[in-house]
Amino acid sequence: MGFLGGLGYGVQGTYLLDVIQDILLKSYHTINQVHIVYLGHNDGLNASLTASLHLQLLSGVFTRSDEARDAILYSYSYGFSGFAAMLNSTQAAKLSEAEEVISIFRSRMLEIHTTRSWDFMGLSLHIQNEQSAGMQLKYGDDIIVGILDTGVWPESQSFRDDGHLGDIPSSWRGTCVEGEKFDPATACNRKLIGARYYLAGFESEVGPLNTSGGAEYRSPRDRVGHGTHTASTAVGAVSPDASYVGGLGRGVARGGAPWSRLAVYKVCWFKDLTGRCSDADILAAFDDALRDGVHVISASLGSTPPLMPLFMTSTEIGAFHAMQLGVPAVFSAGNDGPDAAMVQNVSPWVITVAASTIDRRFPTVITLGNNVSLVGESFNVNDMKMRLVESGSVFSDGSCSFDQLTNGSRAAASGRIVLCFSTTTASSGVAALAVYAAGGAGLIFAETISRRSTQDNFLPTVHVDLRQGTRILDYIRGSSRPPTARFSPSTTLVGKSPAPAVAYFSSRGPSSISPHILKPDVTAPGVNILAAWPPMSSPTVIPLDKRSVTWNFDSGTSMSCPHVSGIVAVVRAVHPTWSPAAIKSALMTTAYMYDDTSDVMLAGGTLKAADAFDVGAGHVDPLRALDPGLVYDAGARDHVLFLCGLGYTRYQIRQMVLPSPSLDTSCGGEGGGAAPPEYDLNYPAIVLPRLNATVTVKRTVTNVGPRRDAVYRAAVVSPHGARAAVWPPALAFSPYRDTASYYVTVAPAKLSRGRYDFGEIVWSDGYHRVRTPLVVRVTTMPDTDTGVDVDVAAARAMDTATATQLQDS
């Protein structure tokens, strides 16, 4: 009998239900939570005046001005205008009605996306390769890269002032902030020139920071390791003889722009064995970074879909205003692959990076008691031989998880190697900890060939494929003597495996909120990347792990993102007048789709060839990106029209886009008609997610090559089931004409309910090869299962709704 039934459901029960509902509603409307109020650009006002306007606006929803002042956590006043404050839902709803408010949304918690790679991409430091060595070691001295992450370990070799650096760039306006175990006088130098930290949002949402026993540092110092690793990958100094435990991966470690300067903005804090980052803190870091004078922003963090509208997300707002100030922002794509449409950080004004492998492996020989040897992969440093058991003798259902441990588990596993299968276990990390809890001494983890990986699980773990795992299982079950296995120490093997291949975990497109914009944009190395690490953090960050390292392997789009950030720093140094859109174009149009065996790279997590939703335009090529030939640029007017397509009004757009006397902020296209469709944004890729009739797309390119009188000719590969044609077929440039437009007409040529197909357009002058992905989804058949036709206009309008409307509905 239910609660209401016990009281007599009827008039009395209905009355009680109304009372409970009234109490809950009143409680809900009085709960204060961190909200972000976004107001667009700051209209050139100074910080103190902007902050006063914020307080004046906020005071309208409080009874006293001192309450409004106490509620504000941050006032964003340089790169953009807005504030973070503690509000209840009623106050947030009232603020959203103000004309000057573009969006108001609850601050969320985002998460971080957790040596050989530069040689693999053709950037060798060998003297024989003067072009690549010169590129990394000559350029970037005047470029400042801002890293938004978990902080930095300043004593690392990656951040030393080695005497080769010049004076700190005169454009730098930032500082190093003192904090717990972080003294600016010793921590900062001509390499690490800035360090700040942000806690107001995190502590307002999570509670006071736990600093007991070194659990965290109330300062820019890194407790997690992630921020040190990403900063080292992007701009780390040249560091000879870097290696992991046992000398694995030994070589010269360096960042993509080893001469560039580093500014650290600690926005992510150690929580639940990972780094968690508040929207409110992230926006404060963006605002400071733009005021400080950084030239590139790198952020390996995000939030898993469902995605919020673009201007209800801290990263997209910050990056939009960074773009307007000429600062490229590079983000990780996320680690939710290989399922489709899980990509994060999807706005057209950011560079979104997928993760792929390099040609380095760590083979480890397993020798069974019957003298059969198999080769897996591991970071094993010891020669170990012991009894071998299958998971079914340790865990009740054989699934290698904590909840399946039994009273007999310790006796079955103690001092032994346990064989586990990915088909019944969440991950090798989960299996390793479960085996450790049972008293096991090692793990063989069998997984599908499409997901096979190597990682340090604290417990010695060798990864094998399912076929090898099945052979080992057959040996265990068929052996007449107690089965044994021997792990030999792992070795480092370079150049013997096809690479790159897309990492199975790398998040894939299409974008779930902006399907006309190709995401990810490019891919870069993100698997087992060796970079600097805080010695106070174990390589696995697991409390049981007491090891200390100064270099660590890590995997994720978090690692691929700073690779591209380093490349962007060098491109920015070589071409200081290029816009963020031009730099992104240079990366995308020069990217490649093939591995080092001349096959199309493999899409990890599957057995298919990679496509544009796996890798964007392809794998970055740092040398070719310096001389792309043509670029797709996008100015303020391009973004005005894109915002029109999202449903923003002219008044709102004038608040969001930096003012210019010649800028047209109307939403009309050429001749004053309707705004052009979203796919006409001058992007280095063409995506048509709903092709049911012939469509013509316009693109404009700018000649940035050394020959001003170049002539480029087009080659088109039509997607399957579509016909694509380019007009004109050739583009002629001159010293007086460095831009040209062309049109791509695409027509459906099959009956389809919505399968994506892939083609390309390549412009070439005989030396440069400018490749543009062409993606179409032919929808010439009605969806007879539902009979529903999607209202695209209504879907676009969602982007202008307030967070209060979305979250309270």
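All values below come from the heavy atoms of this structure, side chains included, with hydrogens, waters and symmetry mates left out.
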Do T150 and D222 have a side chain donor and acceptor closer than 3.5 Å?
yes

side-chain contact (heavy atoms from CB on, under 4.5 Å) for C268 and V224? Distances and angles first, verdict last.
CA-CA 9 Å; C268 301; V224 182; over 6 Å; no

Going by ring pair (Phe, Tyr, Trp, His ring centres under 6.0 Å), name the residues that satisfy it together with H575, two or more places apart in sequence or in a different chain.
W578

Taking all heavy atoms of R160 and all of V238, pick out the closest pair and write down the distance.
NH2-O, 2.6 Å

Can you tell me if T540 uses its side chain to pair, donor with acceptor, with the backbone of N457 under 3.5 Å?
no

Would you mind checking if E216 and K266 are paired as a salt bridge, meaning a charged N to carboxylate O distance below 4.0 Å?
yes

Report yes or no: does R261 contribute a side-chain atom to a donor-acceptor pair with the main-chain N or O of R190 at less than 3.5 Å?
yes

Which residues satisfy the ring pair (Phe, Tyr, Trp, His ring centres under 6.0 Å) test with F80, sequence neighbours excluded?
Y76, H321

Answer yes or no: is there a donor N or O on one side and an acceptor on the other, between the side chain of S300 and the main chain of S298, under 3.5 Å?
no

Any side-chain heavy-atom pair of I144 and D292 under 4.5 Å:
no

Is there side-chain contact between I31 and N88, with heavy atoms separated by less than 4.5 Å?
no

L273 side chain near P543 side chain, heavy-atom distance below 4.5 Å:
yes

Mind checking what makes side-chain contact (heavy atoms from CB on, under 4.5 Å) contact with P580, not counting sequence neighbours?
M323, P328

What distance do L199 atom CG and D281 atom CG have between them, rounded to the nearest 0.5 Å?
6.5 Å

Partners meeting salt bridge (charged side-chain N to carboxylate O under 4.0 Å, His left out) with D545 (sequence neighbours left out):
R547

Please check if any side-chain donor atom of S107 sits under 3.5 Å from a side-chain acceptor atom of E205, or the reverse.
yes

Before accepting this row, confirm whether a basic side-chain N of the pair R221/E155 lies closer than 4.0 Å to the acidic partner's carboxylate O.
yes

Which distance, rounded to the nearest 0.5 Å, do you find between the CZ of R276 and the CE of M109?
8.5 Å

Can you establish whether the number of heavy atoms outside Q56 located under 6.0 Å from its atom CD is more than 12?
no

With side chains defined as the heavy atoms from C-beta onward, is the minimum distance between W349 and K584 less than 4.5 Å?
no

For R218, is there an ion pair with E203 - N to carboxylate O distance below 4.0 angstrom?
yes

H295 versus P576: any side-chain heavy-atom pair under 4.5 Å?
no

What residues, two or more places apart in sequence or in another chain, satisfy disulfide bond (SG atoms under 2.5 Å apart) together with C561?
none

For M536, give me all partners under side-chain contact (heavy atoms from CB on, under 4.5 Å), at least two apart in sequence or on another chain.
W153, Y217

May I have the step-by-step check of side-chain contact (heavy atoms from CB on, under 4.5 Å) for S356 and H619, ending in yes or no?
CA-CA 8 Å; S356 46; H619 194 285; 3.3 Å; yes

Quick one: are the ring centres of Y197 and F182 less than 6.0 Å apart?
no

With a 4.5 Å limit on heavy-atom distance, are the side chains of V206 and K271 in contact?
yes

Measuring from S507:OG to Q344:CD, what's the distance to the nearest 0.5 Å?
5.5 Å

Going by the rule salt bridge (charged side-chain N to carboxylate O under 4.0 Å, His left out), which residues pair with D167 if we only count those two or more places apart in sequence or in a different chain?
none

Approximate separation, where rounding is to 0.5 Å, of N345 CG and T315 OG1
5.0 Å

With sequence neighbours excluded, residues passing salt bridge (charged side-chain N to carboxylate O under 4.0 Å, His left out) with D183:
none

Under 3.5 Å, is there a donor-acceptor pair between the side chain of D521 and the main chain of G616?
no

How close do F379 and D456 get, counting heavy atoms only, and between which atoms?
CD1-N, 3.6 Å

Show the atom names and distances, to 0.1 Å, of all donor-acceptor pairs under 3.5 Å that link a side chain in residues 306-314 to residues at least two apart or in another chain.
unit_1, atom_1, unit_2, atom_2, d
T313, OG1, P309, O, 3.2
S314, OG, D279, OD1, 2.4

Donor + acceptor pair across side chains of H226, T274 (<3.5 Å)
no

Expected output: side-chain S548 to main-chain P535 donor-acceptor under 3.5 Å:
yes

Might you work through the side-chain contact (heavy atoms from CB on, under 4.5 Å) test for N552 and Y244, ending with a clear yes or no?
CA-CA 6 Å; N552 193 20; Y244 187 55; 3.2 Å; yes

S103 side chain to Y38 backbone, donor-acceptor under 3.5 Å:
no

Sub-4.5 Å side-chain heavy-atom contact between L39 and V101
yes

Shortest non-hydrogen separation from G275 to C277 and the atoms involved:
O-SG, 4.1 Å

Is there a donor-acceptor contact under 3.5 Å from the side chain of N335 to the main chain of T557?
yes

After noting the C-alpha distance and the side-chain angles of H229 and D149, does the key distance pass the side-chain contact (heavy atoms from CB on, under 4.5 Å) rule?
CA-CA 10 Å; H229 197 283; D149 214 298; over 6 Å; no

Any salt bridge between R291 and D288, counting N to O under 4.0 Å?
yes

Of all heavy-atom pairs between D241 and R250, which one has the smallest distance, and what is that distance?
OD1-NH1, 2.9 Å

Closest contact, heavy atoms only, F553 versus F362:
CZ-CZ, 3.4 Å

The side-chain contact (heavy atoms from CB on, under 4.5 Å) partners of E67 (sequence neighbours excluded) come to F62, T63, R64

Output all residues satisfying salt bridge (charged side-chain N to carboxylate O under 4.0 Å, His left out) with D142, sequence neighbours left out; order by chain, then residue number.
none

Within a strict 4.5 Å, meaning less than it, do heavy atoms of the V527 and F505 side chains meet?
yes

Find the distance between OG (S232) and CZ (F159) and round it off to the nearest 0.5 Å.
5.0 Å

Measure the spacing between CG of D287 and OG1 of T50 and express it to the nearest 0.5 Å.
9.5 Å

So which heavy atom on G166 is nearest to which on D141, and how close?
N-OD1, 3.5 Å

Listed partners of R173 passing side-chain contact (heavy atoms from CB on, under 4.5 Å), at least two apart:
Y78

Checking T228 side chain against A532 main chain: does a donor-acceptor pair fall under 3.5 Å?
no

Determine whether a donor-acceptor pair (N or O, by modelled atom type, separation under 3.5 Å) exists between the side chain of T352 and the backbone of F331.
no

Any luck finding a side-chain donor-acceptor pair between N210 and S212 under 3.5 Å?
yes

